[in-house]
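Written out below as structure tokens is the structure these notes cover.
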Amino acid sequence: MARFSPDNEALARRIVDRYPVAKSATIPLCHLAQEQDGYLAPDAMEHVAELVGCTPAEVLGTASFYEMFKLHPVGRYCLNICTNISCRLLGASELLARAEERLGVRAGGTTADGTITLEDVECIAACTEAPALQVNYRYVERVDAAALDALIDDLRSGTGRAEEFPPHGTLGLVRQELGPDDLANVTPPGEQVEPVWFARNAAPTDEGAS
Amino acid sequence: MSERPRPIEVTDPVTITVDGRPIEVQRGELLIDACERNDAYIPRFCYHPRMEPVGMCRMCLVEVDTGRGPALQPSCMIPTAPDMVVETASERVTKAQDGVLEFLLANHPLDCPVCDKGGECPLQDQTMAYGPGESRWVEEKRHYEKPIEISPLVLLDRERCILCDRCTRFASEVTDDPLIHFINRGSNTEVNTFPGDPFSSYFSGNTVQICPVGALTATPYRFRARPWDLERTESTCTTCSVGCRVTLESSRDRMLRINGVDSDPVNWSWLCDAGRFSFEATNSEDRLTEPLRRNPDGSFSGIRWSEALTVVADALRGSDPQRVAVLGGSRLTDESAYAWAALAKGVVGTDHVDAQLGDGLPAAVFDLPGATIDDVCRPGGTVLYLGPDPKEELPVLFLRLKHAAQRDGVRILEVTPTATSLTPYAVAGVRPRPGELAAVASVLAGGDVPAEGVAGVPAAELEGVLDALGAADGPVSVVIGRPNLAESAQVVLDAAASLSALPGVRFLPVVRRGNARGAVTAGLAPGRLPGGARLGSDDHWSSTWSTVPTAAGHDALGILAAAAAGEISTLVLLGADPLSDVGDRALVDRALERVDTIVALDAFPTASVRRADLVLPVAVAGEVDGTTTNLEGRVSRVRAKVTPPGTARADWVVAVELARRLGAEWTARTVEALRDELVAGAPQLAGTSWAQVDAADDGVVVDLTGRGFDPGPTAPVPQIDSYSLRLVLSRELYDGGELLARSESLAGLSRTPTVGISVGDAERLGVSDGTALIVRGERGSLTLPARVSSGIPRGTAHLVHRLEGSDPISLLSADEVACDVRVELA
Ligand code: SF4
Ligand code: SF4
Ligand code: FES
Ligand code: FES
């Protein structure tokens, strides 16, 4: 897999057009590619490079910074267990160990049937609901061993809670559906006088300040 | 580190205090440079004076007090301002340096004993000078596969990398080849390429030179020597005519490495990979090491020099001077070229002498008012570019032009037959049909724009260039060269003649061969005397020499035509290989057939050398002392670092020795004496005596005021044949030339030959990339895969000279102004 499909390529070109500098579309296009294939394939990065006018190395350099761009195929569900402080204090290490055992893969691995990729992640900002995890970046909170087992069973069979989770890679969906009228900041950089928010939040005049 | 701060002129001085000492610096220059210029060197890893600062390594922290109390600041990111107080060696600075080094070393393998950089490593040296001395690190270090090949020439050991961003910045900022990048940014940042997309930049070797650790190594030097075993000398690269300053580095009389030296007017420390690595040919097994004489059965046997010289002297003495010709010499030093010019013109008495092989530009271009590279790149200036693809032929000139266009507001207007590497940086461009450049030039010089356009260029495009020319701030510079070997050089001269009418215009002639300009200036051109004066216009040489030719002789193509007609009995080839390089194979073949005695001075057994009767082995760059003249007319020193193999000797020695045998009273016996003799007789070369050039690191530019440019008879405009495509024959950097073919690391890098055609013609023929096409000329045909390109105008076929598996010059004929070919499906 794969360069963009014709439909996605058309969408990609529309996304590129939203930016005064084509290269700025790199990350949105990486999202689009990941949505298409579930991960960011080498061919896709080459295609992104062509569309934004840079080298594939630059796309890789950018994409590889972000944990959430997967450079290798991942399972249908990406199961991220937080093991940072709050979660760890409330048993996340045990949860992770349990998940590894149940799935038969180490953190970072994908089950042989290609269903689940298990990841050990840093704080996902749900500390109040610790221990927390995510499936395809949707939160599951206050997880205990039984809840984890049930979740894994659902994900394996594709039933129950599994139906709540969108396919992997669709996180960037929202931004791509922006209508042409919702575009922000389409003035080419050279023509910008001052950022729009300056005018919007005009400073109060000095009158009466003395 | 070997870099030095960029020379600047202090126009807006401010005073700052550095370590208690007031110094005067330019307002706004970087603190790190200001301090270095004033003997307060600040250690650094990531800062490079020829690239934008990034503040990546923090080694350059100093205490800066601008009135708010001292604070540690990276001096590579801080512009100087009045009254700054700077401490470069306070306790806090030392502690910061300790800390930075300790962090840098945390992951750095301590494999200095097996590292190529050990001994010249900034990390090693600065750890010794500024570091903590002991490591507290007991944890495991990072591990990576080592080394990985990021290009056929460069290997990367990621464990040693300190992530200074020099190589990656160089790739994106200096050359626009961002094929290496930081990957996996975070705690596992590494430099790498995209899988399957190697760092195949023409400039990749520079990253090895600027890497402050041993992370990047180049295959030709890897594990060959330790830095302390190397002997170095400063010289000038003559692989092409840009004339980059280099250090030649050898060990045990073997050339091992070439590095760039920062010459502000020329190369800014950069080199191209051809210039950097083609020294490998010096050590080639194929070098000619003894004089050879052809036996009646066609084989060669070695003979002694004295015997060989006697044979040559006899051949010269026995021929009518009009039947003697000398071809080639653009590989020679100025002094060797002068010695041969003096021998041919002043002793033998022939003017059939040409350093170029019809692939350069006639001597007349050097009569045009000249521009230096700095003149052309003057910020805000406007450049008309009528040359070859600079990245392919004059790589470091490309870097300078690109920098000028990208950063100094120079507007490049391109007038070339196809798109070049410069096209993305040009503000406008037109693609005249080969053979009709002069018509476009005369419009640009102020003629009317005909509604139907000129030379295949639509009127609107011409207007675009004219508008840009009209908006030029100050005089225009014209870069002029041979973008198309299948087009007569006269076309270029005719264009220059029109453009010389532009007010205040100056020309930078770009001929590729290393010392073409020096050889012509030394007298190796028909109708010219040493120094460039025309025959008969000067009495210095007529009073010094025993004989002086009275009428202008033939140029290279004329010499070959005369030889083919049986009018030449002795032909001397000075490192020339007409069989491979002259655009008329059949003519050269007949010429070599009919000459009685062919004497070849060469370092390698080229195709033409194999046809010689007598072969004299000569020394190459790195083995001879002397001077060279770059395309600007800048005379700089070349130095000998290693001894030539066998009994090979410098070309000038052969000329001087022959002159003696021919009874000439010519006493110069050293390069110094030859140089001074040349300069004494040539007012244009004033200021370039041996002592003056030897003392000038950046060389000395000869007098560039124009003197009576005469383009000669105008070339006829070739007929258009609507069934044919017009041929553009250009060069690529990695071709099958002698030096590259014999440089192990470069030999495999040339591209597969293709025939380039326009998108329109491809549609008409129904072909796409890779379709086999037959290119048929009057003289022969080639079968090559198609390459469809939007950079090629309709009606044009684009071929590349001297690539393995393609021989386009077999299609050419010397007497055509342009060459038409039929292109059909194979
Ligand atoms: S490879 Fe060398 S030049 Fe490149 S980032 Fe690493 S240390 Fe710097
Ligand atoms: S640009 Fe020319 S002179 Fe400079 S290094 Fe390359 S070959 Fe040598
Ligand atoms: S520590 Fe787990 S969500 Fe913050
Ligand atoms: S030299 Fe200044 S931060 Fe590296």
Side-chain angles (χ1 to χ4, degrees), chain A residues 1-4 13 21-27 29-31 33-34 37 39-74 80 82-84 106-108 119-124 188-190, chain B residues 54 56 142 144 148-151 154 156 158 161 163-204 207 216 391 406 409 419 421 423-425 427 769 788-791:
Chain A
M1 303 265 272
R3 293 166 64 87
F4 287 118
R13 290 186 192 279
V21 176
K23 213 171 164 183
S24 309
T26 304
I27 289 181
L29 293 202
C30 288
H31 276 298
Q34 180 149 300
D37 300 332
Y39 76 109
L40 199 46
D43 293 8
M45 284 190 270
E46 285 174 0
H47 202 179
V48 171
E50 277 167 40
L51 290 165
V52 305
C54 69
T55 63
E58 289 175 289
V59 176
L60 174 61
T62 305
S64 61
F65 171 68
Y66 298 97
E67 282 289 322
M68 287 161 77
F69 285 130
K70 303 298 178 200
L71 302 180
H72 299 285
V74 289
N80 298 351
C82 169
T83 54
N84 212 307
R106 288 284 197 174
E119 288 185 349
D120 170 7
V121 300
E122 301 306 329
C123 179
I124 50 179
Chain B
V54 284
M56 199 82 174
R142 275 182 320 186
Y144 287 114
I148 53 171
E149 210 174 274
I150 56 169
S151 86
V154 180
L156 166 66
R158 288 164 293 177
C161 170
L163 303 174
C164 69
D165 198 22
R166 277 184 163 206
C167 57
T168 39
R169 222 175 338 147
F170 173 82
S172 59
E173 187 182 309
V174 180
T175 72
D176 262 356
D177 294 321
L179 298 165
I180 44 176
H181 216 268
F182 284 139
I183 309 287
N184 296 329
R185 284 166 193 262
S187 51
N188 293 314
T189 314
E190 59 177 277
V191 172
N192 214 328
T193 60
F194 189 78
D197 192 11
F199 179 42
S200 37
S201 164
Y202 283 167
F203 305 97
S204 67
T207 61
L216 293 169
K391 196 170 180 178
Q406 265 186 329
S421 323
T423 308
Y425 310 100
V427 295
D769 275 339
V788 182
S789 160
S790 57

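Sequence lines set the chain letters: A, B, ... in the order given, protein chains first and strands last, and positions in each chain run from 1. Here the structure is a predicted model, which is why all the values come from computation and not from measurement.
Listed by sequence position, A/T55, A/P56, A/A57, A/E58, A/L60, A/G61, A/S64 are the residues of residues 51-64 of chain A in contact with chain B, using a 4.5 angstrom heavy-atom cutoff.
Rounding to the nearest 0.5 Å places CZ of A/F65 at 9.0 Å from OG1 of B/T189.
Taking the ring pair (Phe, Tyr, Trp, His ring centres under 6.0 Å) definition, one finds that B/F194 meets it with nothing, sequence neighbours left out.
Atom CD of A/E67 sits in a sparse spot, with 12 or fewer heavy atoms from other residues, nucleotides or ligands closer than 6.0 Å.
Chosen from B/I180, B/N192, B/N184, the residue pairing most often with chain A at heavy-atom distances under 4.5 Å is B/N184.
Heavy atoms closer than 4.5 Å to chain A are found in the side chain of B/D197, but not in its backbone.
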